[in-house]
Amino acid sequence: MNAAVLSFTKAMAEKGIQDGVQVNAINPGPVRTARLAKRLEDTTEEAFLREEKIARIGEPADIAGLVSFILSPHGRLLQGSLIDADGGATKTI
């Protein structure tokens, strides 16, 4: 699925260049939401981190901060980027 999202992002980014639109994607990993809370009911957070092989669980503010960066003048060079914000879960390029 990630490969499909990356391909779609790249295709839309190419079109975006023609139209003056910045196109990027964020691939979030586990983020502390109600959905994740249900998953964590049957395990400890430490066990979850070990099982998922990640450094930590993300917070909604982590993703919001990344979005803010992309949309700010500091992110103006990003076009067609897929950013993994997943605590190290993605081990491939």
Side-chain angles (χ1 to χ4, degrees):
M1 179 149 168
N2 286 350
V5 171
L6 179 57
S7 293
F8 182 73
T9 300
K10 295 291 186 182
M12 291 293 96
E14 186 174 340
K15 180 71 174 152
I17 290 171
Q18 299 167 11
D19 296 336
V21 177
Q22 184 182 22
V23 178
N24 296 290
I26 298 171
N27 179 30
V31 175
R32 201 174 306 279
T33 61
R35 181 178 174 188
L36 183 63
K38 276 187 103 91
R39 261 184 91 186
L40 292 175
E41 286 176 356
D42 297 330
T43 188
T44 66
E45 188 169 319
E46 294 77 21
F48 179 80
L49 294 175
R50 276 193 311 274
E51 181 181 311
E52 295 294 317
K53 297 179 181 155
I54 58 174
R56 69 181 193 88
I57 294 173
E59 300 294 336
D62 296 326
I63 305 304
L66 183 52
V67 170
S68 294
F69 173 80
I70 292 169
L71 296 175
S72 78
H74 300 291
R76 69 180 178 262
L77 193 56
L78 295 173
Q79 180 71 3
S81 297
L82 176 62
I83 302 170
D84 295 319
D86 60 8
T90 301
K91 309 286 194 270
T92 60
I93 52 174

With respect to Leu82, which candidate in Thr90, Asn27, Ile26 satisfies the side-chain contact (heavy atoms from CB on, under 4.5 Å) definition?
Asn27
Looking only at non-hydrogen atoms, find the nearest pair between [X] and [Y] and report the distance.
X: Pro28; Y: Ile63; result: CB-CD1, 3.9 Å
X: Gln79; Y: Val23; result: OE1-N, 3.1 Å
X: Gly80; Y: Ala13; result: CA-CB, 3.3 Å

Give me each pair satisfying side chain to side chain donor-acceptor pair (under 3.5 Å) with a member in residues 10-25, each pair once, sequence neighbours excluded.
none
Under the side chain to side chain contact (heavy atoms under 4.5 Å, CB included) rule, collect the residues that match up with Glu46, sequence neighbours excluded.
Thr44, Arg50
Can you list every pair that meets salt bridge (charged side-chain N to carboxylate O under 4.0 Å, His left out) and has a residue in residues 65-93, with sequence neighbours left out?
none
Any pair counted as salt bridge (charged side-chain N to carboxylate O under 4.0 Å, His left out), so long as it reaches residues 28-39, sequence neighbours left out:
Arg32-Glu45, Arg32-Glu59, Arg39-Glu52
Using links of under 4.5 Å between side-chain heavy atoms of ILVMFWY residues, direct or through other members, which residues join Ile57 in one cluster?
Leu36, Leu40, Phe48, Leu49, Ile54
Throw together a table of side-chain donor-acceptor distances under 3.5 angstrom for residues 64-74, partners on residues two or more places apart or in other chains.
residue	atom	partner	partner atom	Å
Ser68	OG	Ala64	O	3.1
Ser72	OG	Phe69	O	2.8
Ser72	OG	His74	N	3.1

